[in-house]
There are 2 protein chains.
Amino acid sequence: MRRDVFQAIADPTRREIIGLLANNPMNLTSVTENFNISQPAISKHMKILIECGLISVEKQGRERYCEVKLDSLNEVEEWLAPFRKMWEQRFDQLDQLLIKMQSKSKNEQ
Amino acid sequence: MRRDVFQAIADPTRREIIGLLANNPMNLTSVTENFNISQPAISKHMKILIECGLISVEKQGRERYCEVKLDSLNEVEEWLAPFRKMWEQRFDQLDQLLIKMQSKSKNEQ
DNA sequence: TAATTTTATAACCGAATAGTTATATATTAA
DNA sequence: TTAATATATAACTATTCGGTTATAAAATTA
């Protein structure tokens with residue numbers, strides 16, 4: 001079973017759970033109340049999120065408080081970084097081209 | 001069938017394909033040579049990548065030249081952005097705490 | 001102690017995923 | 001024209017995914 005951050009955030013419900021918990025940590029029942037799926041389904045999503053370090057759980061009596069571990073998203077961040085750099089570079093090149101074209105048209109006036 | 005960028009980059013082979021093509025565009029056969037899976041398997045991955053705008057294909061004779069569309073990764077970037085912000089904020093708070101603690105220990109000397 | 005609440009787990013189901021092999025269809029080269 | 005090359009597609013398979021219901025276990029409340 002592949003179990004990594006990329007696979008974890010592929011599911012829209014899990015992305016929502018992350019967003020929900022980033023704002024305020026809460027227990028599993030509260031998380032469940034925010035969705036139209038059963039508690040076991042949420043438990044399963046949680047298991048995946050926990051297994052790849054996206055969420056941590058603290059036992060408090062019979063409840064389990066769930067919290068997002070934001071730094072675990074770093075793996076995605078790092079994969080994305082070089083592409084963002086290339087993308088920005090392209091924009092810079094486009095900018096320079098536009099500047100060149102503008103100064104050229106000025107000279108022609 | 002869900003088909004979005006998050007699901008597309010969930011597969012490690014597809015992430016590799018994106019990385020490969022970001023460096024230099026190439027045809028499907030060349031992409032295939034970089035992996036230990038069959039040509040139809042690569043074709044299927046390509047279909048998914050094309051369908052969610054991560055890759056564009058240009059027909060050139062019997063070959064198909066494949067190119068990454070970097071801006072399509074923006075969806076991931078945008079989802080990640082607020083979390084990165086929160087994450088940085090936490091570091092800032094930690095920094096401020098450390099500064100406070102340092103100045104306090106200085107006063108105590 | 002009995003009832004309630006919170007969570008986990010088992011067993012199941014249909015659909016999706018990631019691969020395979022075989023084959024068809026263009027296009028190019030001999 | 002025939003052979004070779006590049007790609008697409010069909011049919012199949014095993015596994016995973018995302019959900020369900022039923023039930024168990026642990027902790028809390030009445």
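Proteins get letters first, then strands, A, B, ... in listed order; numbering begins at 1 in each.
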| query | When only distance counts, do a donor and an acceptor, one from the side chain of B:R62 and one from the base of D:dT7, lie under 3.5 Å apart? | reply | no

A:S38 vs D:dG19: side-chain N/O to OP1/OP2 distance below 4.0 Å: no

When rounded to whole Å, the CE to P distance for the pair A:M46 and D:dC17 reads 18 Å

Looking just at side-chain N and O atoms, do B:Y65 and B:E63 make a donor-acceptor pair shorter than 3.5 Å? yes

In whole angstroms, the gap separating C1' of D:dC17 from CD of A:E51 amounts to 14 Å

In whole angstroms, the gap separating P of D:dA8 from NZ of B:K44 amounts to 13 Å

Side-chain atoms of A:Q39 come closest, of C:dT20, C:dT7, D:dT7, to C:dT7

B:I17 atom CD1 is separated from C:dG19 atom C1', nearest whole Å, by 13 Å

Looking only at D:dC17, D:dA8, D:dA26, the nucleotide nearest the B:R64 side chain is D:dA8

Apply side-chain hydrogen bond (donor to acceptor under 3.5 Å, both in side chains) to the pair B:E33 and B:T29, showing each step before the final yes or no. CA-CA 6 Å; B:E33 281 163 2; B:T29 306; over 6 Å; no

Regarding the side chain of B:N27, the nearest nucleotide among C:dT9, C:dA18, D:dT7 is D:dT7

5'-most contact on DNA chain D (nearest-nucleotide basis), A:G61 vs A:I37, goes to A:I37

Of B:R14 and A:P40, the one whose nearest nucleotide on DNA chain C sits closer to the 5' end is A:P40

(message) Using a strict threshold of under 4.0 Å (side-chain N to carboxylate O), is an ion pair present between B:R64 and B:E58?
(response) no

What contact category does A:T29 fall into here, base, sugar-phosphate, or nothing, at under 4.0 angstrom with non-hydrogen atoms? sugar-phosphate

Winner on side-chain proximity to B:I48, out of C:dT7, C:dA18, D:dG19, is C:dA18

